[in-house]
Amino acid sequence: DGGITQSPKYLFRKEGQNVTLSCEQNLNHDAMYWYRQDPGQGLRLIYYSQIVNDFQKGDIAEGYSVSREKKESFPLTVTSAQKNPTAFYLCASTSRYPGEQYFGPGTRLTVT
Amino acid sequence: DQQVKQNSPSLSVQEGRISILNCDYTNSMFDYFLWYKKYPAEGPTFLISISSIKDKNEDGRFTVFLNKSAKHLSLHIVPSQPGDSAVYFCAASGGNNFNKFYFGSGTKLNVKP
């Protein structure tokens, strides 16, 4: 059945290491998104992509990078430049406008 | 610059009563609004949406009301059930960047048995 997968569910890294979070969708959606959620806060947009080989910065892009080489995949790299990388990361996609976003189950990243 | 605001971080309601969650926005170009439900450590799930050409949309126990002049929308849940206990986010999109969604900070609903 169709959906969005994020792996792994939990990820632990040492400070100073880059880490890549996976997001795959089989919904044939054009647009994909990465959000970050911190405890007690809402969703903040990191990057989004409306089409393959194109992406735009969201509100908190510093310290993150993305690629969109395939329609199904939108990986997010958390670099060592990100000051506070520990958070819950959510990937989403949407097919059309207007239309709802579908979310993956999320990846909890802990950097120590 | 938060364009979508949910000013009530939490709401407690008795089972069977109505839950009303509120959301305000500042950008008059927004023309599509959504409500999501989220449990801890899970992704949000879509509940209901409304476009700016309507002022009400209903789906079972969930109704969303839109007041464009006040830039305000609300989600009504009737009757509330303990399984509705979760964090609810409102979101908006529209204008030049119609594929970009703006989320509120969420309201944590607790439905007491």
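Letters A, B, ... are given to chains in the order of the sequence lines, protein chains preceding strands, and every chain is numbered from 1.
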Could you tell me which residues satisfy side-chain hydrogen bond (donor to acceptor under 3.5 Å, both in side chains) with N84(A), sequence neighbours excluded, listed by chain and number?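 Partners of N84(A) by the side-chain hydrogen bond (donor to acceptor under 3.5 Å, both in side chains) criterion come out as none, since no residue qualifies.
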
Please tell me whether [X] and [Y] are part of a single hydrophobic cluster in this structure, the criterion being side-chain heavy atoms less than 4.5 Å apart.
| X | Y | result |
| --- | --- | --- |
| Y64(A) | V19(A) | yes |
| F88(A) | V111(A) | no |
| F30(B) | L73(B) | yes |
| L47(B) | F101(B) | no |
| L21(B) | I48(B) | yes |

Point to revise | Shortest non-hydrogen contact from F89(B) toward L43(A) | key: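 For F89(B) and L43(A), the tightest heavy-atom pair comes out as CE2-N, 4.4 Å.
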
Heavy-atom cut-off 4.5 Å, strictly under: side chain, backbone, both or neither for F46(B) against chain A?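 Side chain only.
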
Item checked: Heavy atoms from other residues, nucleotides or ligands near CD1 of I18(B) exceed 12 (cutoff 6.0 Å) ->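 Atom CD1 in I18(B) is packed in, count exceeds 12.
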
Which bit of L90(A) comes within less than 4.5 Å of chain B, counting heavy atoms only: side chain, backbone, both or neither?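 Looking at L90(A), just its side chain touches chain B.
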
When you scan chain A against chain B, which donor-acceptor pairs turn up at less than 3.5 Å?
| from | atom 1 | to | atom 2 | distance (Å) |
| --- | --- | --- | --- | --- |
| K9(A) | NZ | A41(B) | O | 2.6 |
| Y33(A) | OH | N99(B) | O | 2.3 |
| Q37(A) | OE1 | K38(B) | NZ | 3.2 |
| Y48(A) | OH | N97(B) | OD1 | 3.4 |
| Y48(A) | OH | N97(B) | ND2 | 2.4 |
| Q50(A) | OE1 | N99(B) | ND2 | 3.3 |
| Y97(A) | OH | D31(B) | OD1 | 2.1 |
| Q101(A) | N | Y36(B) | OH | 2.8 |
| Q101(A) | O | Y36(B) | OH | 3.1 |

